[in-house]
Amino acid sequence: MTTLDAAGAPEALRALDADRLPLLAAEIRAFLIDKITRTGGHLGPNLGVVELTLALHRVFDSPRDAIVFDTGHQAYVHKILSGRAKGFDTLRQAGGLSGYPSRAESDHDLVENSHASTALSYADGLAKAFCLCGQSDRRVIAVIGDGALTGGMAWEALNNIGAAKDRPVIVVVNDNGRSYAPTTGGLAEHLASPPGDPNLFTALGFAYLGPVDGHDTARLEEALRLARALHRPVVVHVKTVKGKGYPPAEADEADCLHAVGVVEPATGRPASPGGPPSWTSVFGQALRQLAEDHDELVAVTASMLHPTGLNPMAVAHPDRVFDVGIAEQHAVTSAAGLAMGGLHPVVAVYATFLNRAFDQVLMDVGLHRLPVTFVLDRAGITGPDGPSHHGMWDLAALSVVPGMRVAAPRDAGQLRRLLAEAVEFTGGPTALRLPKATVGDDIPALATVDGIDILRRSPGQPLDVLLVPTGPLASAALGAAEELERQGLGVTVADPRWVLPIKPALPGIAARHRLAVSVEDGIRTGGVGSALALACADAGVTTPVLALGLPHAYLPHGPRSALLAEAGLDASGIARSVAARFSHTIPAEHRSSR
Ligand SMILES: Cc1ncc(C[n+]2csc(CCOP(=O)(O)OP(=O)(O)O)c2C)c(N)n1
Ligand SMILES: CC(=O)[C@@H](O)[C@H](O)COP(=O)(O)O
Ligand SMILES: [Mg+2]
């Protein structure tokens, strides 16, 4: 039996002799490299917390003591030590192990949300609950990275925790000096300052222990035991190396192999490189090109320069790209300031992370009708990162912002055109949404009517169905149109390009059809379909509107294509939904027999 097998549960781990820990750490690292290079996942972050997680589970008694991981992408070792090593072959696959803590998987897991900077707030609440419920012996430990610590929520929580002497929370700062890229700003400088310098955390009421070598389990256990014994709010500042023990990760300057696909174990490089460009890379090159012609263009990222495609512009114009840390709220309102100062900021952010800055979009940008362009990458179903990563809320959320214009390019050519239109629009905020996918072939328009691209019209058929796809779902809509034509229905496929607010001419086009169908990679509630139905009603158009989209639910992790198909958003699913509406009127002889 390996040491890893022997330590398959926290109580067994605590019984292990300390001199076996280095061997156990080595086995865990080998396990992570072997598994994650095959499945994909967060390799760098987890290699950096092997000893820290061992020490946490040896000093504290999870799940009676609450160990909260911020963002949760570094909880693989925690999963291994709480009996889930066997599940790693299914990591992030449909029905398999989640890439984040999962309450359904284990009582040891608390926070499933992968949005950063939340752990300290959960910890504050848990500590209050334990105190009020007479369970003050239960300890609360929050593990937060130096990147996540740049998020505003973390400081809102520190303000509360530091003053709560009777509800001690132990804050473990996992300081590897990086988010994806090296962390910058005043906090990073403070964390790197000599131990004797004035300490930010003590000024807020915390005891401060550190910096502790995050790969020395003996020193880590000593610090955590002291933190536990202090019975007061305490920060344990731990220094780790992201990607520790795996040279390709340690040497990776971009992000220490933060999140990888299937890679070659020896090199950490993609097992199948090449292939079509991603939407992200098309955006990045298009923005860099536009920046050549538009001096007023600047860009803002919340600690995701490479993942959102801003690197080409940052290389060409380093003084015009701002990385504000994991701080989306600040990113948006600082963009509002940039716009007030006469510039046109492009805020590049994953769609799901813009949720956090909704008020800033609504009130700091929208209220002032400022020319800020939001480029929402990973919009729609993303896949392996699960419910808190699917970018399925932006259409509904942005639909309520007065003056906001939302574009959804159907292909790379439209992305370039719509981005240019957005950055040249100065009458208010704009947004473009892009999927986590590679681009397909460009889809030409047969004609353009009042700004609406007509992509297909069934020759010689009555106008039965108007399909209005949002963005890249245009290809699935065209596939559905072919199927419906085989069933005897006449179909028009129309792409408004700017999907919100509804184009004034769209209700009139719908009025000429027997059914209008909106198809969007976002929740049905409050998205484009809802807006189209309202616009038709307001225009006195009686054509029924069928809104096809994602269910109003938190969707699991799994392949993007499979999740879209399950939601009925692939060609056959769209055709099925439409045909079901006409089943009572399609003459039997027209029903597709193929
Ligand atoms: C609100 C939010 N914005 C962005 C992200 C994307 N993201 C995931 S992990 C990460 C870096 C986290 O850095 P850190 O907290 O230092 O953890 P490390 O990976 O270094 O262990 C980022 C930016 C996120 N999960 N949540
Ligand atoms: C944990 C987190 O939020 C990111 O690391 C995310 O997993 C990256 O997603 P992509 O792989 O889509 O860039
Ligand atoms: Mg970090």
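Bear in mind that the values here come from a model prediction, so they are computed numbers and not experimental data. All ligand and atom numbering here is 1-based and tracks the order in the structure. Just so it is clear, the values below take in all heavy atoms, side chains as well, and ignore hydrogens, waters and symmetry mates.
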Practice task
Using a cut-off of 2.8 Å, find all protein N, O or S atoms closer to the Mg ion (ligand 3) than that distance.
Solution key: Asp146 OD1, Asn176 OD1, Arg178 O
Handout entry: CZ/Arg38: more than 12 non-hydrogen atoms of other groups inside 6.0 Å
Key = no
Handout entry: Distance-minimising heavy-atom pair for Glu520 and Leu473
Key = C-CD1, 3.5 Å
Problem - Asp319 atom CG: more than 12 heavy-atom contacts under 6.0 Å - result: yes
Exercise for the section: Could you tell me which non-hydrogen atom of Pro307 sits nearest to which non-hydrogen atom of Asp377, and how far apart they are? Expected result: O-OD2, 3.7 Å
Practice task
Flag the pair Glu105 and Arg84 as a salt bridge only when some basic side-chain nitrogen lies within less than 4.0 angstrom of an acidic carboxylate oxygen.
Solution key: yes
Problem - Arg560 bridged to Asp521 by N-O distance under 4.0 Å - result: yes
Fill in the blank from the handout: For Ala254 and Arg178 the tightest heavy-atom approach is O-NH2, 3.2 Å
Completion exercise
Contacts for ligand 1, heavy atom under 4.0 Å, by chain and number, are Pro45, Thr71, His73, Ser114, His115, Ala116, Gly145, Asp146, Gly147, Ala148, Asn174, Asn176, Arg178, Ser179, Tyr180, Lys242, His258, Met304, Ile326, Glu328, Phe353, Arg356
Exercise for the section: Evaluate the salt bridge (charged side-chain N to carboxylate O under 4.0 Å, His left out) criterion for residues Glu221 and Arg58: first the C-alpha distance (whole Å), next the side-chain angles of each, then the deciding distance (0.1 Å), finally the verdict. Expected result: CA-CA 8 Å; Glu221 286 193 31; Arg58 282 171 55 87; 2.4 Å; yes
Problem - Ion pair check, Arg433 and Asp394, cut-off under 4.0 Å - result: yes
Exercise for the section: Report all protein residues having a heavy-atom distance below 4.0 Å to some atom of ligand 2; order the list by chain, then number. Expected result: His42, His73, Tyr100, Tyr180, His258, Tyr350, Phe353, Arg378, Asp385, His389, Lys436
Exercise for the section: Using a strict cut-off of less than 4.0 Å between a Lys/Arg side-chain nitrogen and an Asp/Glu carboxylate oxygen, indicate whether Glu51 and Arg219 qualify as a salt bridge. Expected result: no
Exercise for the section: Go through the structure and list residues passing ring pair (Phe, Tyr, Trp, His ring centres under 6.0 Å) with His73, not counting sequence neighbours. Expected result: His42, His258
Problem - Ionic contact status for Asp175 with Lys239, cut-off 4.0 Å - result: yes
Problem - The single option from Leu220, Ile170, Ile67 passing side chain to side chain contact (heavy atoms under 4.5 Å, CB included) against Leu56 - result: Ile67
